[in-house]
Amino acid sequence: MTSFLADSSDPSAPDVKLFTRHPAEVARELIGMILTVDGVGGRVVETEAYHHEDPASHAYNGQTARNGAMFGPVGHAYVYRSYGLHWCLNIVCGDTPGSAVLIRALEPTAGIELMRERRGMEALRLLCAGPGRLCQALGVTLAHDGLPLGAAPFALEPSLQDWEIAVGPRIGLTKAIQTPWRYGLAGSKFLSRPFPKVVAS
DNA sequence: AGACTGATATTCT
DNA sequence: GAATATCAGTCTA
């Protein structure tokens with residue numbers, strides 16, 4: 001109940017302002033926040049921004065059955081199947097429809113034993129180091145597509161005071177490779193991959 | 001360390 | 001039919 005986020009169907013809620021911005025700003029803003037699903041999750045250490053005018057975005061060619069949530073309300077989840085087997089979690093944002101931030105990695109902080117069971121491995125570093133791994137660890141599936149981040153089972157709240165943000169090119173793309181819209185918590189051991197350079201925050 | 005491979009949904013050509 | 005916002009396993013070095 002005492003979530004940082006209100007229900008984003010209320011247009012005056014603070015999180016609606018938080019997410020009604022360019023996805024690159026939102027991606028940067030999310031680094032360091034604690035994201036949980038039914039109390040299981042951790043600190044966001046890696047994100048990527050996707051804008052509807054960006055050729056790498058699922059929304060670039062317009063609305064389809066899969067990406068419908070990207071055209072819905074800001075602050076809600078967009079979940080899609082990747083390479084036919086993994087789930088990937090995004091948060092819809094932007095000041096126009098069709099933008100989102102992909103959550104790429106978490107530093108596990110809550111429900112670690114349950115995450116180990118779901119992932120079938122012990123190594124803390126690999127529990128949530130990647131968009132597919134993170135969804136498996138948190139139990140995110142298509143059932144979460146379109147749900148608001150500001151209400152159960154989701155929770156999202158700030159956790160850090162001062163930290164440095166790393167910036168670099170997005171991963172696994174063949175289009176718009178040069179657009180540096182990948183953000184990370186500098187020096188984190190829980191990234192899916194290291195960053196080439198670091199800038200201050 | 002890096003290279004290859006398989007699993008296989010969804011979209012686009 | 002080919003490509004993709006992936007991961008784990010299994011090779012070779």
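Within every chain, numbering begins at 1; the chains are lettered A, B, ... in the order of the sequence lines, protein sequences first and strands thereafter. Only a predicted model underlies this, so the values are computations on that prediction, with no experimental measurement involved.
In this structure, the side chains of A:Met70 and A:Ser57 come closer than 4.5 Å at one or more pairs of heavy atoms. Side-chain contact between A:Tyr50 and A:Leu173 is present, with heavy atoms from C-beta onward closer than 4.5 Å.
A donor-acceptor pair shorter than 3.5 Å cannot be found between the side chains of A:Arg104 and A:Thr47. A side-chain donor from one of A:Arg119 and A:Gln136 sits under 3.5 Å from a side-chain acceptor of the other.
Residue-level contact check: A:Arg119 touches the backbone only, with heavy atoms under 4.0 Å from sugar-phosphate atoms and none from bases. Looking at heavy-atom distances under 4.0 Å, A:Asn90 makes contact with a base. Contact annotation for A:Arg66: backbone-only contact, meaning every heavy-atom pair under 4.0 Å involves sugar-phosphate atoms and none involves a base. Contact annotation for A:Thr174: backbone-only contact, meaning every heavy-atom pair under 4.0 Å involves sugar-phosphate atoms and none involves a base.
Where DNA chain C pairs in unbroken runs of 3 or more (Watson-Crick or G-U, both distances under 3.5 Å), the stems are B:1-7 with C:6-12, B:9-12 with C:1-4.
Of the P atoms belonging to B:dG2 and C:dA5, the separation is 23 Å, rounded to the nearest Å. Here, C:dA8 and B:dT10 have their C1' atoms 22 Å apart, quoted to the whole Å.
Between A:Glu29 and A:Arg21 there is a salt bridge, since at least one side-chain N of the basic residue sits less than 4.0 Å from a carboxylate O of the acidic one. Ionic pairing of A:Asp54 and A:Arg170 is present here: one or more N-O contacts between side-chain nitrogen and carboxylate oxygen are shorter than 4.0 angstrom.
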Checklist entry - Step by step, would you call A:Glu46 with A:Ser192 a side-chain hydrogen bond (donor to acceptor under 3.5 Å, both in side chains)? => result CA-CA 8 Å; A:Glu46 186 179 342; A:Ser192 65; 2.8 Å; yes

Checklist entry - Given the rule in the ring-ring contact (aromatic ring centres under 6.0 Å, His included) test, do A:His51 and A:Tyr60 qualify, once you have shown the distances and angles that lead to the verdict? => result CA-CA 8 Å; A:His51 189 266; A:Tyr60 182 64; over 10 Å; no

Checklist entry - When you look at A:Met33 and A:Leu156, which way does the side-chain contact (heavy atoms from CB on, under 4.5 Å) test go after all the steps? => result CA-CA 7 Å; A:Met33 297 182 76; A:Leu156 185 62; 3.8 Å; yes

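When each of A:Arg133 and A:Ile171 is assigned the nucleotide of DNA chain C bearing its nearest heavy atom, the one mapping closer to the 5' terminus is A:Ile171. Heavy-atom distances to DNA chain B give each of A:Leu142 and A:Leu85 a nearest nucleotide, and the one nearer the 5′ end belongs to A:Leu85. Mapping A:Leu126 and A:Ala59 onto DNA chain C by nearest heavy atom places A:Ala59 at the nucleotide closer to the 5' end.
Here chain A contacts DNA chain C (any atom closer than 4.0 Å to a heavy atom, that is under 4.0 Å), and the contacts span C:dT4 to C:dA8 from 5' to 3'. Of all nucleotides in DNA chain B having an atom under 4.0 Å from a heavy atom of chain A, the first and last in 5' to 3' order are B:dA7 to B:dC12.
For A:Arg116, the CZ atom counts as densely surrounded, since its 6.0 Å shell holds more than 12 non-hydrogen atoms of other residues, nucleotides or ligands.
Between A:Tyr78 and A:His58, the ring planes are perpendicular. Angles over 60° get that label, and only those under 30° would be called parallel.
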